[in-house]
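First the structure, in the form of structure tokens, and then the observations on it.
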There are 4 protein chains.
Amino acid sequence: MPPNIKSKVDDTALVARRRSQVLAAAIELFGKRGYHPTTVREIAEHAGLSTGLVYQYFGDKEDVLYLGLQTVLDSYRERIPAATEGIADPLERFRAAVHAYCRVIDANIDATVLAYRETKSVSPKRRGVIMQKEVETNALIEAEVRSCVKAGLFEKTDVGLLTYLIVMFAHAWALKAWHFQGQMSVEQYTDRNLALLLNPVLTERGRRENVRLAAAR
Amino acid sequence: MPPNIKSKVDDTALVARRRSQVLAAAIELFGKRGYHPTTVREIAEHAGLSTGLVYQYFGDKEDVLYLGLQTVLDSYRERIPAATEGIADPLERFRAAVHAYCRVIDANIDATVLAYRETKSVSPKRRGVIMQKEVETNALIEAEVRSCVKAGLFEKTDVGLLTYLIVMFAHAWALKAWHFQGQMSVEQYTDRNLALLLNPVLTERGRRENVRLAAAR
Amino acid sequence: MPPNIKSKVDDTALVARRRSQVLAAAIELFGKRGYHPTTVREIAEHAGLSTGLVYQYFGDKEDVLYLGLQTVLDSYRERIPAATEGIADPLERFRAAVHAYCRVIDANIDATVLAYRETKSVSPKRRGVIMQKEVETNALIEAEVRSCVKAGLFEKTDVGLLTYLIVMFAHAWALKAWHFQGQMSVEQYTDRNLALLLNPVLTERGRRENVRLAAAR
Amino acid sequence: MPPNIKSKVDDTALVARRRSQVLAAAIELFGKRGYHPTTVREIAEHAGLSTGLVYQYFGDKEDVLYLGLQTVLDSYRERIPAATEGIADPLERFRAAVHAYCRVIDANIDATVLAYRETKSVSPKRRGVIMQKEVETNALIEAEVRSCVKAGLFEKTDVGLLTYLIVMFAHAWALKAWHFQGQMSVEQYTDRNLALLLNPVLTERGRRENVRLAAAR
DNA sequence: TATGAATGAGTCTTCATTCAT
DNA sequence: GATGAATGAAGACTCATTCAT
């Protein structure tokens with residue numbers, strides 16, 4: 001499916017090792033300084049190998065970004081199922097999934113920022129692949145939301161949008177790190193956001209007024 | 001406060017005209033293709049003037065980005081007060097503010113994406129100025145939230161975080177345009193998000209379970 | 001017709017001046033050291049301008065070669081008609097044309113060698129254009145041969161091949177410069193080759209034997 | 001005499017085998033794409049061995065070209081004596097030699113073009129060796145011409161230049177393959193060129209005029 | 001003020017060559 | 001002897017910036 005990156009080396013294990021070596025360096029540097037300002041030379045140096053070697057395992061610089069983005073998104077997609085495994089209760093699964101998601105983002109702040117900043121830097125075709133991966137990750141959260149609705153724990157609500165609100169606050173932890181970091185931990189951040197979403201914001205009086213206003217539009 | 005951009009031209013009116021001419025072109029191109037891939041030559045061409053002239057009104061390329069980002073964020077900050085002017089009812093003001101915010105973002109999708117992608121491309125000192133502007137815009141929303149709490153329309157809730165949730169879904173309209181555009185209008189998008197935030201997600205049973213789970217953490 | 005080279009500069013006179021400046025340097029260096037070993041930097045230096053400027057007037061290095069080859073072949077094609085102008089006698093025209101051809105080759109030995117060595121270094125489509133120009137030059141010689149046949153000065157001979165023999169010995173003056181230079185002047189070289197072609201090689205006895213052998217094949 | 005190529009391997013038979021393996025691949029690729037655009041990796045691949053092995057049998061890439069050119073020229077030099085062996089009649093020997101030469105060129109068109117394009121790509125000292133080989137081959141043809149003169153079959157003519165004309169039309173078969181191939185076979189080509197050279201081109205009247213013009217110079 | 005031609009530093013990328021296995 | 005992964009020097013090309021007009 002993903003237009004595969006060609007390597008000039010055959011040994012699969014070596015390819016995997018070298019690639020992740022390069023990708024780790026690249027994701028860090030791309031995340032910190034951005035894709036364009038980071039030079040291939042810097043990536044190679046940071047990864048502890050020569051410039052030329054990067055081109056034995058990647059076709060060009062964009063390939064490094066592309067595989068980097070995929071790596072990041074794949075890691076997100078894999079951690080959520082791992083976190084919900086064995087949990088039966090829908091609401092508990094839901095909370096576990098959201099916490100897992102926020103935790104993996106916290107562990108990869110540079111990478112998350114990278115995904116936001118540089119998805120546009122890959123070719124349109126590849127961008128589609130990247131977006132598809134994001135959709136798939138969102139679907140994991142959405143499934144938990146849906147289970148809660150089915151179990152009668154959530155009102156019959158706007159599932160897609162609720163999912164997006166969750167995804168957005170998770171991402172915001174990375175995107176607005178300068179704002180949140182130091183104020184609280186990821187766990188607190190997650191809990192407080194969940195509380196906001198799950199508990200009523202409006203008072204009884206507010207609710208009546210809101211109905212009126214919303215109807216008036 | 002902002003480390004000011006030096007112009008080689010004195011005529012204030014001319015400076016203002018030329019700068020906005022360049023900035024309009026730059027914001028569009030930076031938004032569409034990104035800061036680094038856009039060349040100064042392209043900006044000048046798009047603005048209908050010569051390359052050299054850009055350097056009469058801006059010190060360097062980064063200046064253009066910096067002033068561009070400020071322009072974008074300023075326009076956001078200005079539209080919200082305009083939208084709430086004359087409205088007395090706190091909840092109505094709140095809703096008007098949020099709708100105004102979403103509307104201005106919708107009208108400047110490229111610019112919003114630009115602010116997300118390229119804030120890191122300016123020097124740290126300048127980045128602070130940019131973030132400050134963002135904080136100020138958020139404060140406008142936060143003020144409305146606070147009024148609603150004071151008026152007894154909102155529960156005594158996590159005002160800062162609620163504000164962020166609102167800001168995030170507004171931004172998401174631009175950041176995830178590929179996902180939302182076509183599915184609904186901005187107005188619908190705003191209403192549905194507000195509904196989600198303001199109406200309870202949990203059922204009665206869900207609420208009891210949630211309390212138990214949250215407490216168990 | 002020829003897929004035209006794009007310049008980033010509009011001023012036609014300047015384009016013409018800069019291009020010929022670059023081409024003169026390039027033809028010399030390409031001729032002496034070959035296309036690949038010559039760097040764009042060297043061309044620019046030799047032409048007395050900066051590397052970047054070459055790219056304002058040529059799309060890439062191959063464009064320089066392509067235009068260089070065209071320049072060389074065009075100059076050949078133009079000198080022959082100039083040399084025969086005003087001469088009526090077919091044989092005299094023929095001799096004038098051949099001498100002119102050899103003379104222009106002598107004046108551009110590097111360029112002639114270049115045309116032989118590097119025609120393969122341009123894209124297939126462009127190679128076709130180059131070859132066409134060569135065919136057109138040959139046609140100028142062929143026309144003179146044909147006139148001599150028509151005027152009853154040449155036997156009804158193999159016109160195409162005779163033309164090629166002439167073209168080849170003209171080129172050989174450049175290609176085998178190391179062998180001929182010093183032994184004689186171009187004019188002598190041309191005369192002696194023409195003498196060989198136009199006077200009988202075989203003796204009377206040789207002719208009889210040759211007829212027998214050629215028939216036996 | 002040729003500054004000899006160093007091999008890191010001793011076994012003479014193996015050296016010979018490996019070298020010819022590499023050279024066959026190299027001559028083909030150099031002939032088709034040129035010396036510089038062909039990579040050592042491609043040569044090794046085409047020869048069915050590893051890149052590193054090339055450097056066990058050749059000092060560097062230029063060595064491969066140098067030995068390749070020698071191989072080509074040697075093969076030419078060897079085929080001519082083989083073709084004249086046993087023939088006593090001078091004119092018959094002459095014709096056999098020319099036919100043999102054209103035939104071997106036809107069988108090695110890429111290699112012949114290679115010799116023309118890339119002789120300049122070797123060091124000056126080595127270039128001398130290559131040219132010497134070419135001179136030796138020419139001498140084989142020249143000897144036959146001289147025999148014909150001595151036997152009274154050829155007029156006392158410009159032997160050196162006549163030899164060159166013959167060599168040139170033989171080479172032209174390869175150099176201008178795009179022009180001649182398809183029009184006729186090598187044998188026809190050879191016969192027609194020999195006919196042109198050996199039979200008079202000028203008519204009786206043409207001869208008188210030519211004497212006048214040549215004298216007038 | 002305005003222009004756009006000119007500069008040259010810096011980037012990506014290739015590839016001859018080496019060397020550990 | 002053979003392999004092919006690793007190196008790094010070098011080249012094509014771009015583009016922010018300057019400056020003569």
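Here is the naming used below: chain letters follow the sequence lines, and residue numbers restart at 1 for every chain. Quantities reported herein were computed from a predicted structural model and do not represent experimental measurements.
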Whole-Å distance, A/K61 NZ to E/dT14 C1', equals 17 Å
pair_partner(E/dT21), Watson-Crick or wobble, both distances < 3.5 Å, evaluates to F/dA2
- Query: What do the steps show when you test C/R18 against C/S7 for side-chain contact (heavy atoms from CB on, under 4.5 Å), and what is the final call?
  - Reply: CA-CA 11 Å; C/R18 288 299 193 205; C/S7 170; over 6 Å; no
Checklist entry - Is there a donor-acceptor contact under 3.5 Å linking the side chains of D/S121 and C/R117? => result yes
Per side-chain contact (heavy atoms from CB on, under 4.5 Å), C/Y57 is matched among C/V64, C/V22, C/L14 by C/L14
Any donor-acceptor N/O pair, A/T119 side chain to A/Y116 backbone, under 3.5 Å
no
Under 3.5 Å donor-acceptor, B/Q56 side chain and B/V9 backbone
no
Against the six-membered ring of D/Y35, is D/K61 placed for a cation-pi contact (under 6.0 Å from the centre, within 45° of the normal)? yes
Whole-Å distance, C/D11 CG to E/dG4 P, equals 11 Å
Separation of F/dT18 atom P from B/F58 atom CZ, nearest Å, is 15 Å
Measure from the side-chain N and O atoms of B/K120 to the backbone N and O of A/G31, and report whether any donor-acceptor pair falls under 3.5 Å.
-> yes
(Q) Can you tell me if A/Y55 touches the phosphate of E/dT14, counting only side-chain N or O atoms and a distance under 4.0 Å to OP1 or OP2? (A) no
Do the side-chain N or O atoms of B/Y57 get closer than 4.0 angstrom to the phosphate oxygens (OP1, OP2) of E/dA2? yes
In whole angstroms, the gap separating P of F/dC13 from CG of A/D60 amounts to 16 Å
The residue, B/K8 or B/G52, whose nearest nucleotide of DNA chain E is more 5′ is B/K8
When rounded to whole Å, the CD to P distance for the pair D/Q56 and E/dT21 reads 17 Å
C/L14 has its side chain closest, among E/dA6, E/dT1, E/dT13, to E/dA6
Contact check, residues 43-50 of chain A vs DNA chain F, heavy-atom distance under 4.0 Å, returns A/L49, A/S50
Sorted by number, residues from residues 17-42 of chain C placing a heavy atom under 4.0 Å from DNA chain F are C/T38, C/T39, C/V40
Taken in chain and number order and not counting sequence neighbours, the residues that satisfy side-chain contact (heavy atoms from CB on, under 4.5 Å) with D/D63 are D/I5, D/F58, D/D60, D/R126
Original post:
When all nucleic acid strands are considered with a 4.0 Å heavy-atom cut-off, which category describes B/D10: base, sugar-phosphate, or nothing?
Top reply: sugar-phosphate
All heavy atoms of D/P37 vs all of D/E42, minimum pair found to be O-OE1, 3.8 Å
In whole angstroms, the gap separating P of F/dG1 from CG of D/L53 amounts to 10 Å
